[in-house]
Every structure is written in structure tokens, then in C-alpha cells.
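Because only heavy atoms are used, hydrogens play no part in the values below, and waters and symmetry mates are left out as well, while side chains stay in. Counting starts at 1 for both ligands and their atoms, following the listed order.
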Amino acid sequence: MSRKVYVLLGVPGAGKGTQAKRLAGEFNLAHVSTGEILRSEVREGTELGKKVKEIMEAGELVPDDLVIEIIRCCLQNFPDKDGFVLDGFPRNVRQARYLETVSDAMGVIAINIDVEEEEVIRRLSGRRFCPSCGKIYHIHFSPSREAGRCDDCGARLVQRKDDREEVVSERLRVYREKTFPVLHFYSSKGNYFEVDGNRSVDEVFEGLSEIVARFEDDCL
Ligand code: AP5
């Protein structure tokens, strides 16, 4: 059975992390979030974390070679999983080309979660996350049961430094300049889908699941 790589694309705050976690659980996929991996390196104060901290806090992209190395390692792991869902990679056309070279045998399916800009600003300003287990919340759209505490592990929820208003506008600018061309890279290859991300988490999940199920059935 060949293992597929599902790439979730979308502006910052489109819901990639939220949906990737659910898809991974539903379809036995390994969830690889370059953003989450980099944030945990920053928290742990590793050499890599020290190199990328300021770049991430400013909303810029980390150098390609560093994230490509992360992806290279991840794609060699998880032998018990049926495939991968990538969230945050590729971020530019160079990264997308790299992914083609390492996942030839697997096949890449790109899905863009399409969300309007005013909506992502609402989502990012209210986002909180658990620094201990990574669970994502929103103070209005998906609040924790006890305010400020993770439902699963009880840790205190925090706001990401790059969710400050001035950094969000820089991240959106970087997205338009560097990541938007990746949509065309995949649509010109024919392995590209779009879902309307302006709907509820459950409705977006349903749209994504329909696409993934089609390919997973083919793999059986
Ligand atoms: P990364 O962590 O990848 O950030 P991002 O792409 O900006 O995306 P986000 O994590 O902000 O949003 P999301 O789409 O996952 O939305 P979420 O599900 O959380 O990258 C961070 C940084 O790392 C980058 O700026 C860069 O520096 C570096 N980096 C990472 N990868 C890199 C790479 N490949 N190359 C170079 N640098 C890289 O949802 C957002 C909020 O909305 C949440 O509160 C959620 O609860 C809520 N929500 C989600 N869906 C819905 C819905 N349908 N309705 C209502 N609320 C919703």
C-alpha cells in the first residue's frame, strides 16, 4: 500500500492545525506541523530553537534548509501510520519542489482551506494553545471548559507571540508573497483541491474527510 502525503494549505489561521489533528486521528496519518516542531525547539532552548526564535516572533519564514531537514526526518519515521498530513509545509515553491523529490513513491495531495482575511484575523486574535500537549482553542469559537486551562492536561493556555496584531499583518504579507504561489504549483499538477474554510470546524472537517477518504480507499 503506498502512503500518501496530504498537504494542508491556507493563510495563517485558516484552521490547518485544527483540521490536521482531526484528520490524523480519523485516518491514522502522522501529523507533521513544522510550526509546532519549531515552537517546541524554541521552548526547549535548543540550538535550532535559538536560531529561529526571533525569525518566528517577527512572522518571517525560517530558512528552507532548516525546515527541509525537519521534513526529511519526519517522512522517514512513523512506520505504523498509513500516510502523512503536513501542516505548515511547504511554505514556498522551493519547499514544494523538495517535497516532490522525496515523496515520489507516495504521491502528494494538496488541499487549500480557503478563508477570508477578516475571519482569520478574528481567529488568530482569539487563539490560545496548550504549551504542554499542543491542543488549540479559541476563546469564543472553541473555548476550554475551564477558562485558561487545557481540557486534556490542565496546563495553563497561552497566546502565541506571533498572534500579536502587527505580527499577524506581516505573516499575511509573507503568505501572499511566498506561499500563495504554492497553490498554483499544485493546481498546475492536477493534485489540488479546495475546501471552503469559512464554515464551522465540523463542516470543514467533513469537506476535507471526503477528499482524503477518496484517496485512502484507493490505497486499500
Ligand atoms: P505555523 O505554526 O505553521 O503558523 P501558520 O501557518 O501561520 O498557521 P497557524 O498555526 O497560525 O494557523 P492554522 O491554519 O494552523 O490555524 P489553527 O488551526 O491554529 O508557523 C509559524 C511560524 O513557523 C511561521 O511564521 C514561520 O516562522 C515558521 N515556519 C513554520 N513552517 C515553516 C516552513 N515550512 N518554512 C519556513 N518557516 C516555517 O486555527 C486558528 C484559530 O482559529 C484557533 O483558535 C482555532 O480554534 C480557530 N478555528 C479553526 N478553525 C475554525 C473554524 N472553522 N471556525 C472557527 N474557529 C476556527
I would like to know whether Arg122 and Glu118 meet salt bridge (Lys or Arg N to Asp or Glu O under 4.0 Å); could you show each step before the answer?
-> CA-CA 6 Å; Arg122 265 197 297 275; Glu118 300 111 70; 6.0 Å; no

Might you work through the side-chain contact (heavy atoms from CB on, under 4.5 Å) test for Ile37 and Cys74, ending with a clear yes or no?
-> CA-CA 11 Å; Ile37 293 169; Cys74 288; 4.0 Å; yes

Worked verdict on Asn198 versus Glu119 for side-chain hydrogen bond (donor to acceptor under 3.5 Å, both in side chains) | CA-CA 7 Å; Asn198 297 292; Glu119 174 64 15; over 6 Å; no

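Proximity of Gln95 to ligand 1, defined as any heavy-atom pair under 4.0 Å, is confined to the side chain (atoms from C-beta onward). With a 4.0 Å cut-off on non-hydrogen atoms, Leu124 touches ligand 1 through its side chain and not its backbone. If you look at Ser200 next to ligand 1, the close heavy atoms, those under 4.0 Å, all belong to the backbone.
Geometrically, ligand 1 and Gly197 share no nitrogen or oxygen pair separated by less than 3.5 Å. Of the polar atoms of Phe89, none of the N or O atoms is found under 3.5 Å from an N or O of ligand 1, judged by distance alone. Checked against a 3.5 angstrom limit, the closest N/O atoms of Tyr137 and ligand 1 fall inside it. At least one N or O atom of Gly13 sits closer than 3.5 Å to an N or O atom of ligand 1. Polar contact with ligand 1: present for Thr34 (N/O pair, distance under 3.5 Å).
Under the 4.0 Å criterion applied to side-chain N and carboxylate O atoms, Arg22 and Asp202 are assigned as salt-bridge partners. The existence of a salt bridge linking Arg171 and Glu166 is excluded, since no basic side-chain nitrogen approaches an acidic carboxylate oxygen closer than 4.0 Å.
The protein heavy atom nearest to atom 19 (O) of ligand 1 is Arg127 NH1, 2.6 Å. Nearest protein heavy-atom neighbour of atom 53 (N) of ligand 1: Arg199 O, 2.9 Å. Distance from atom 26 (C) of ligand 1 to its nearest protein heavy atom, with residue and atom name: Glu60 O, 3.4 Å. If you check which protein heavy atom lies closest to atom 43 (C) of ligand 1, you get Ile136 CG2, 3.5 Å. For atom 37 (N) of ligand 1, the closest non-hydrogen atom on the protein side is Val62 N, 3.0 Å. In terms of protein heavy atoms, atom 56 (N) of ligand 1 is closest to Phe141 CD1, 3.2 Å. For atom 46 (O) of ligand 1, the closest heavy atom belonging to the protein is Ser142 OG, 3.3 Å. Looking at atom 54 (N) of ligand 1, its nearest protein heavy atom turns out to be Arg123 NH2, 3.5 Å.
Residues Phe205 and Leu23 are in side-chain contact: their nearest non-hydrogen atoms beyond the backbone lie under 4.5 Å apart. With contacts defined as side-chain heavy-atom distances shorter than 4.5 Å, the pair Ile68/Ile70 does not qualify. A heavy-atom distance below 4.5 Å is not found between the side chains of Asn92 and Thr179.
Near Gly17, meaning under 4.0 Å from one of its heavy atoms, ligand 1 places the atoms 13 (P), 15 (O), 18 (O). Taking every heavy atom of Gly88 and a limit of under 4.0 angstrom, the matching atoms of ligand 1 come to 3 (O), 31 (N), 32 (C), 33 (C), 34 (N).
The cationic group of Arg128 does not satisfy the cation-pi geometry with Tyr137, failing either the under 6.0 Å distance to the six-membered ring centre or the 45° limit from the ring axis.
Proximity of a side-chain donor or acceptor of Ser144 to a complementary backbone N or O of Asp151 within less than 3.5 Å is not detected.
In this structure, Tyr6 has its ring center no closer than 6.0 Å to that of Phe193.
Atom CD of Glu206 has 12 or fewer neighbouring heavy atoms from other residues, nucleotides or ligands inside a 6.0 Å radius. Heavy-atom neighbours of Phe141 CZ from other residues, nucleotides or ligands within 6.0 Å: above the threshold of 12.
In terms of heavy atoms, Val168 sits closest to Asp162 at CG2-O, 3.8 Å.
Nearest-heavy-atom check against atom 4 (O) of ligand 1 across His140, Arg160, Lys16 picks out Arg160. The heavy atom nearest to atom 1 (P) of ligand 1, out of those in Glu36, Arg91, Arg171, Met56, is found in Arg91. Here atom 39 (O) of ligand 1 lies nearest to Thr18 when heavy atoms of Ile68, Leu86, Thr18, Asn198 are compared. Checking Leu38, Ile113, Val167 against atom 38 (C) of ligand 1, the nearest heavy atom belongs to Leu38. Among Arg94, Arg39, Glu57, the residue whose heavy atom lies closest to atom 21 (C) of ligand 1 is Arg39.
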